[in-house]
Amino acid sequence: MLSGILVDARRCNTRDGVTGALVCRNDVFLQLLEGPRAAVEATLARIARDDRHVDVTVRVSKSVAARMFGDWAMLHDPATSWIWSAQEVSGGVLDRAAPEDYEAIFETLARQAAAGRAT
């Protein structure tokens with residue numbers, strides 16, 4: 001199922017001028033979307049309508065001067081960046097984490113991708 005989501009995301013994001021990254025760990029999926037506000041909002045609405053996605057929650061929403069993942073329609077990070085343990089997740093860390101915590105995950109991934117260690 002994940003490979004189908006990635007194929008669809010890359011196709012639609014290329015068409016819509018959206019870039020970003022997807023971090024997958026067990027039952028946790030964190031996604032960063034970048035692009036024109038209307039395109040990102042339309043992408044988020046499409047994701048929310050897709051029954052392959054459940055419990056879609058926006059953790060951070062803000063305008064930025066530059067894209068972190070401008071070279072990727074959807075970078076996939078299956079196992080290289082830092083993320084919380086299963087125990088931390090079951091303990092509620094996703095709800096307690098600050099926006100900066102989520103941003104740090106993607107900043108780390110962007111550095112790894114720039115160094116050629118991500119797909």
Side-chain angles (χ1 to χ4, degrees):
M1 180 166 45
L2 179 58
S3 63
I5 290 171
L6 284 167
V7 167
D8 289 346
R10 289 172 176 149
R11 179 182 49 80
C12 292
N13 290 355
T14 298
R15 177 194 68 207
D16 299 337
V18 173
T19 57
L22 177 64
V23 175
C24 308
R25 301 291 180 284
N26 301 319
D27 288 353
V28 177
F29 297 85
L30 300 178
Q31 185 171 36
L32 181 134
L33 299 171
E34 311 169 302
R37 180 174 294 280
V40 169
E41 289 174 353
T43 299
L44 183 58
R46 183 176 38 60
I47 290 168
R49 288 189 307 270
D50 186 330
D51 63 2
R52 296 174 296 182
H53 300 83
V54 295
D55 298 328
V56 175
T57 303
V58 175
R59 301 292 180 173
V60 180
S61 177
K62 68 179 190 178
S63 295
V64 296
R67 296 182 190 210
M68 281 194 278
F69 300 99
D71 292 335
W72 292 276
M74 185 52 57
L75 177 73
H76 177 225
D77 175 47
T80 58
S81 67
W82 170 86
I83 194 167
W84 302 284
S85 69
Q87 183 178 7
E88 290 170 313
V89 170
S90 65
V93 71
L94 296 174
D95 292 324
R96 290 191 312 275
E100 295 80 15
D101 298 322
Y102 289 101
E103 292 170 5
I105 291 168
F106 288 103
E107 289 166 358
T108 299
L109 179 56
R111 283 191 301 274
Q112 291 174 343
R117 294 190 304 260
T119 61

Would you name the heavy atoms of Pro36 and Gly17 that are closest together and state the gap between them?
CD-O, 3.7 Å
Could you work out, with side chain to side chain contact (heavy atoms under 4.5 Å, CB included) as the rule, every residue matching Thr14, not counting sequence neighbours?
Ala73
Hydrophobic cluster membership, with links at side-chain heavy-atom distances under 4.5 Å among I/L/V/M/F/W/Y: are Val54 and Phe29 in one?
no
Write down the atom of Ile47, the atom of Gln31, and the distance for their closest heavy-atom approach.
CD1-OE1, 3.3 Å
Hits for salt bridge (Lys or Arg N to Asp or Glu O under 4.0 Å) against Glu107, two or more places apart or cross-chain, chain-then-number order -> none
Which residue in the set Ile5, Leu22, Asp8 passes side-chain contact (heavy atoms from CB on, under 4.5 Å) when paired with Met74?
Leu22
Any Leu94 side-chain heavy atom under 4.5 Å of Tyr102 side chain:
yes
Taking side chain as C-beta onward, heavy atoms only, is Trp84 less than 4.5 Å from Leu30?
yes
Side chain to side chain contact (heavy atoms under 4.5 Å, CB included) against Ala42, all qualifying residues, sequence neighbours excluded:
none
Considering non-hydrogen atoms only, spot the tightest contact between Ala113 and Trp72 and give its length.
CB-CH2, 3.4 Å
Which heavy atom of Gly91 sits nearest a heavy atom of Arg96, and at what distance?
O-NH1, 2.6 Å
Side chain Asn13, main chain Arg10, donor-acceptor under 3.5 Å:
no
Value for OG1 (Thr43) from CG (Leu33), rounded to nearest 0.5 Å, stands at 6.0 Å
Mind listing the closest non-hydrogen atom pair of Val18 and Val40 along with its distance?
CG2-N, 4.3 Å
Met68, Val64: one ILVMFWY side-chain cluster at the under-4.5 Å cut-off?
no
Could you pull out the closest heavy-atom pair between Arg67 and Gly35, with the gap in Å?
NH2-CA, 3.2 Å
Co-membership, hydrophobic cluster, residues Val28 and Leu75, 4.5 Å side-chain:
yes
Quick one: does any side-chain atom of Glu34 pair with a main-chain N or O of Phe69 as donor and acceptor, under 3.5 Å?
yes
Determine whether Ile105 and Leu32 make a side-chain contact, defined as any pair of heavy atoms from C-beta on separated by less than 4.5 Å.
no
